[in-house]
A.B. asks: 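Below is a structure I'd like to ask you about.
Only heavy atoms go into these numbers, but all of them, side chains included; no hydrogens, no water, no symmetry mates. Lettering follows sequence order; numbering is per chain, from 1.
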There are 2 protein chains.
Amino acid sequence: MSKYDGTAPVAVTVDLVIFTLRESALQVLLIERGKPPFMGGLALPGGFVRDHEDLRGAALRELGEETGVDGAKLHLEQLRTFGTPGRDPRVRTFTVAYLALGPDLPAPVAGTDAAHARWMPVAQALSPSVELAFDHQAILREGLDRARGKLEYTTVAAAFCQEPFTLADLRHVYEVVWDLDLDPSNFRRKVLKADDFVVPTGAFRAPEVGRPAELYRRGRTELLYPPMVRPA
Amino acid sequence: MSKYDGTAPVAVTVDLVIFTLRESALQVLLIERGKPPFMGGLALPGGFVRDHEDLRGAALRELGEETGVDGAKLHLEQLRTFGTPGRDPRVRTFTVAYLALGPDLPAPVAGTDAAHARWMPVAQALSPSVELAFDHQAILREGLDRARGKLEYTTVAAAFCQEPFTLADLRHVYEVVWDLDLDPSNFRRKVLKADDFVVPTGAFRAPEVGRPAELYRRGRTELLYPPMVRPA
DNA sequence: CCTTGATAAGGTCACATCGACCTAAAGTTA
DNA sequence: TAACTTTAGGTCGATGTGACCTTATCAAGG
C-alpha cells in the first residue's frame with residue numbers, strides 16, 4: 001500500500017464466529033492451528049478470500065469446510081472488519097469477521113479440514129485461561145455482544161432452534177445466551193403476539209415429563225416488534 | 001490471492017457516508033472524481049488505507065481531508081465491508097464503509113482536497129436521476145438504513161446537533177431523518193425521562209417567534225432506553 | 001386407578017408507557 | 001392589547017409488561 005495503488009502486500013481474510021447451543025451452553029467453534037503463527041493455539045475458523053469470490057461466499061465456504069454444514073440454512077451476517085496494523089505478524093491483514101448462528105451443529109468430522117475443530121463454551125473461550133490467536137478474542141467478544149443484542153429486536157433466536165421447535169426451546173435460547181431466567185408464561189405471550197415470529201404446526205412433542213408442547217416453525221418476520229426486553 | 005498467501009494485487013480502501021443536517025434536509029457529502037474510473041462522476045469520499053494506519057484512523061484522516069472537520073468530535077462507526085469481485089474495474093478492491101454523523105458541517109473549502117466536494121440531499125443522491133460511482137449507491141442506502149435504525153435505540157441523534165441545542169432541534173433530527181412528524185409533547189416526555197440522554201444547561205434560547213426554549217447538552221448515555229418508537 | 005410431580009397453556013391484575021389531545025406560559029408581531 | 005407561535009407540562013384511555021395463579025395433559029409410582 002506504500003504507493004497507494006493497491007499492489008503492496010495486503011491480505012484479506014474472513015473469520016467466523018460460529019455459535020450454537022450444545023448441552024445448554026452457548027458454544028463457539030474453534031480450530032487448532034496447524035501452522036505458524038500461533039501454531040497449536042486456538043483460533044476462530046477462517047481463511048483467505050479467493051479470487052472471484054464474494055465476501056459472503058468466502059464465509060459460506062469456510063463454514064462448510066469447518067462444520068460440514070450447508071451454510072444456506074444458517075443465519076450469517078457480517079460483524080465488522082479488523083485491520084489494525086500488526087494484528088498479523090506476517091503481513092498486513094484485514095479480516096472481515098462474520099457471525100453465524102445455527103442449531104446444535106454436528107461435531108467436527110475427523111479426516112476433513114474440520115478435524116482440528118472443536119466446540120467450546122463461549123464463557124470458557126473468553127475466560128483468561130484461554131488465549132486465542134491474533135485478535136480473535138476481541139472478535140469473539142464482539143460476536144457475543146452482537147448476538148445478545150440481536151435477540152432483543154430480531155427473530156434470530158429461532159436460528160438456534162432445529163425445526164420444529166417448542167416455545168420452551170426458543171425460550172431456552174434466550175435464557176442461555178442472556179444467562180438469565182425468563183417467565184415462561186410472559187415469554188409465550190410475547191412470542192405469540194408478535195406477528196409471524198413463529199407459526200404453529202398443529203403437532204405436539206411429548207417431553208420426558210410434563211404436558212406435551214405444541215411445535216412451531218420459524219415465521220417470515222426478521223424484525224421483532226415489540227422487542228423482547230432484556231431484564232436488568 | 002491466487003496463491004492464498006496475501007501477495008496478489010488486492011486493494012483496501014475506506015469510504016465514508018457523511019451525513020449532516022442542512023436546510024432541514026439530511027445531506028450527504030459527495031465528491032466529483034478527478035480521475036478514472038468514473039472520472040467526473042459523483043462518489044463517496046474515501047481512499048486507500050495507508051501502511052501503519054488503523055482502519056478508523058484512515059476514516060478519520062479522510063474525514064479531515066474532505067470536510068476540514070476534526071473527526072474526533074463526530075460520531076464515526078463502521079458500516080460494513082464491500083468486496084464483490086468487479087466492484088472496482090481496475091483491481092480487486094475491498095472497501096470498509098464508515099458512517100459519520102455531525103451537526104451542520106462547513107461547506108467544503110476551495111483550494112483543498114475538498115474543493116470538489118459538495119453536499120447533496122440524501123433523497124436526491126438515492127434517486128434514479130443520480131448515478132454514483134462503484135457500488136456507492138448501495139453503500140449510501142445502507143448508511144441511511146443504519147442511521148434511521150440507530151436513532152431508535154441509541155442517542156446518536158444528538159450527534160447531529162450543535163451544542164447547546166433545544167429539544168426542538170433534537171426532535172427536528174428525528175423528523176428529518178425519519179421523514180415524519182413527531183408530537184412535540186410526547187417527544188419531550190420521552191427524551192427527558194430517558195436517563196442522561198440530554199442534560200439541561202439552565203440557559204434559554206429565544207427563537208424568532210414563540211416561547212424561549214431551554215438549552216441542553218449531550219448526556220453520557222449511548223443506549224436509549226426505552227427506545228424511541230418509529231411510527232408506522 | 002388414583003395421586004404426585006412436572007411442564008404447557010392460558011388467565012388475572014396492578015402498574016408503566018404511549019399516543020392523542022388539552023392547557024398554561026412566554027415570547028413576537030399586527 | 002389581541003393574535004399568533006412555540007415551549008412546558010398535564011390528562012386520559014388504550015396497550016404492553018411483570019408477577020402470579022389456575023387449569024390441562026402427560027409420566028411415574030403407590
A.B. asks: Going by heavy atoms closer than 4.0 Å, what residues in residues 204-226 of chain A are next to DNA chain D?
C.D. replies: A/Glu208, A/Gly210, A/Arg211, A/Pro212, A/Pro226
A.B. asks: Counting only non-hydrogen atoms, which of residues 147-164 of chain B are less than 4.0 Å from DNA chain D?
C.D. replies: none
A.B. asks: Rounded to whole angstrom units, what separation is found between the CG atom of A/Asp183 and the P atom of C/dA8?
C.D. replies: 12 Å
A.B. asks: Exactly one of A/Leu140, A/Val122, A/Leu29, A/Leu101 should register a side chain to side chain contact (heavy atoms under 4.5 Å, CB included) with A/Val17. Which one does?
C.D. replies: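 For A/Val17, the side chain to side chain contact (heavy atoms under 4.5 Å, CB included) check succeeds only for A/Leu140.
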A.B. asks: If only atom types and distance count, is the side chain of B/Thr20 paired as donor or acceptor with the main-chain N or O of B/Leu105 below 3.5 Å?
C.D. replies: yes
A.B. asks: Can you tell me the distance, in whole Å, between the CZ atom of B/Phe187 and the P atom of C/dA20?
C.D. replies: 16 Å
A.B. asks: When the distance from CG of A/Asn186 to P of D/dC20 is rounded to whole Å, what number comes out?
C.D. replies: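 Result: 11 Å.
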A.B. asks: Considering all heavy atoms of both residues, which atom of A/Pro164 and which atom of A/Leu215 are nearest to each other, and what is their separation?
C.D. replies: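 Heavy atoms of A/Pro164 and A/Leu215 come nearest at CB-CB, 3.9 Å.
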A.B. asks: Under 4.0 Å between a Lys/Arg side-chain N and an Asp/Glu carboxylate O for A/Glu142 and A/Arg146?
C.D. replies: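 Result for this pair is no, no salt bridge flagged.
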A.B. asks: Once you apply a heavy-atom cut-off of 4.0 Å, does A/Thr166 come out as touching a base, just sugar-phosphate, or nothing?
C.D. replies: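 No contact at all - A/Thr166 keeps every heavy atom at 4.0 Å or more from the nucleic acid.
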A.B. asks: If you check the A/Leu167 side chain, which of C/dA9, D/dG16, D/dA8 turns out closest?
C.D. replies: C/dA9
A.B. asks: Rounded to the Å, how far apart are A/Leu192 CG and D/dG16 C1'?
C.D. replies: 15 Å
A.B. asks: Report yes if the side chains of B/Thr155 and B/Leu224 come closer than 4.5 Å at any heavy-atom pair, otherwise no.
C.D. replies: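 Counting from C-beta outward, B/Thr155 and B/Leu224 do come under 4.5 Å.
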A.B. asks: Whole angstrom is fine here: how far is it from CG in B/Leu182 over to P in C/dC21?
C.D. replies: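 Interatomic distance, CG of B/Leu182 to P of C/dC21: 15 Å.
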A.B. asks: Side chain to side chain donor-acceptor pair (under 3.5 Å): which pairs involve residues 167-185 of chain A, sequence neighbours left out?
C.D. replies: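 Pairs touching residues 167-185 of chain A that pass the test: A/Ser24-A/His172, A/Thr166-A/Asp169, A/Asp169-A/Arg205, A/Arg171-A/Glu175.
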A.B. asks: What's the shortest heavy-atom distance between B/Asp15 and B/Gly46, and which atoms?
C.D. replies: OD1-CA, 3.5 Å
A.B. asks: Main chain of A/Thr154, side chain of A/Glu222: is a donor-acceptor contact present, judged purely on distance under 3.5 Å?
C.D. replies: no
A.B. asks: Quick one: is C/dT17 close enough that its OP1 or OP2 comes under 4.0 Å of any side-chain N or O from B/Lys190?
C.D. replies: no
A.B. asks: For the pair A/Arg87 and A/Thr95, evaluate side-chain contact (heavy atoms from CB on, under 4.5 Å) and give the outcome as yes or no after the intermediate values.
C.D. replies: CA-CA 10 Å; A/Arg87 59 173 295 279; A/Thr95 194; 3.3 Å; yes
A.B. asks: Provide, to the nearest angstrom, the distance between the CG atom belonging to B/Leu180 and the C1' atom belonging to C/dA20.
C.D. replies: 16 Å
A.B. asks: If I take atom CG in residue A/Asp181 and atom C1' in nucleotide D/dG18, what distance separates them, rounded to the nearest angstrom?
C.D. replies: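 A/Asp181 atom CG is separated from D/dG18 atom C1' by 15 Å.
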A.B. asks: Between C/dA9 and A/Arg189, is there an OP1 or OP2 to side-chain N/O distance shorter than 4.0 Å?
C.D. replies: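 So the side chain of A/Arg189 is outside the cut-off, no N or O lying under 4.0 Å from OP1 or OP2 of C/dA9.
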